[in-house]
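Reviewing the structure listed below.
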Amino acid sequence: LARSGAVYPGCNVENASYPLGLCAERTAITSAVAAEGPSMRIAEIVIVTGRGIVAAPCGACRQVINEFADDTAITMLGDGGPLRLTLAELLPHAFGPADLERRAD
């Protein structure tokens with residue numbers, strides 16, 4: 001869910017060359033950026049696996065989410081109910097522009 005109110009679904013895109021696959025989180029984010037531009041901001045992310053298990057975003061997805069979010073809520077749905085965490089809880093020491101500025105000092 002973007003702050004604009006638009007919903008952008010995503011899906012895993014597998015590839016025989018394993019590292020080239022894309023996770024659903026990143027395909028949704030790239031769709032949102034393509035539609036709204038680089039200033040798009042994420043309001044919330046909901047992850048559903050279709051297998052009834054709670055699945056958290058991988059490290060690469062957490063960093064990409066960080067580029068387009070503040071302290072966004074991430075809800076992971078499973079058969080036992082939802083698990084809702086903030087991006088800061090999933091990625092407590094995120095790498096971003098502020099880190100680059102600090103390192104340049």
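In what follows, every heavy atom counts, from backbone to side chain, and hydrogens, waters and symmetry copies are set aside.
Interatomic distance, D70 CG to T86 OG1, rounded to the nearest 0.5 Å: 11.5 Å. With rounding to the nearest 0.5 angstrom, the CZ atom of R41 is 7.5 Å from the OG1 atom of T72. Taking CD of Q63 as the start and CZ of R26 as the end, the distance is 11.5 Å to the nearest 0.5 Å.
Using a 4.5 Å cut-off on side-chain heavy atoms (C-beta onward), S17 and P19 make contact.
Nearest heavy atom pair, residue P57 against residue E25, reads CA-OE2, 3.5 Å. Here the closest non-hydrogen pair linking P82 and T75 is CB-CG2, 3.8 Å. The two residues G10 and T27 come nearest to each other via the heavy atoms CA-OG1, 3.2 Å. Taking each heavy atom of A2 and Y8 in turn, the nearest pair found is CB-CE1, 4.0 Å.
N12 contributes a side-chain N or O that, together with a main-chain N or O of A24, makes up a donor-acceptor pair within less than 3.5 Å.
With sequence neighbours left out, E44 forms a salt bridge (charged side-chain N to carboxylate O under 4.0 Å, His left out) with R84. Not a single side chain to side chain contact (heavy atoms under 4.5 Å, CB included) links S39 to another residue, sequence neighbours left out.
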- Task: Walk me through it: do D79 and I53 pass the test side-chain contact (heavy atoms from CB on, under 4.5 Å)?
- Result: CA-CA 6 Å; D79 288 344; I53 60 171; over 6 Å; no
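Through direct or relayed side-chain contacts under 4.5 Å between Ile, Leu, Val, Met, Phe, Trp and Tyr, L87 connects to I29, V33, M40, I42, I45, I47, V54, V64, I65, F68, I74, M76, L83, L85, L90, L91.
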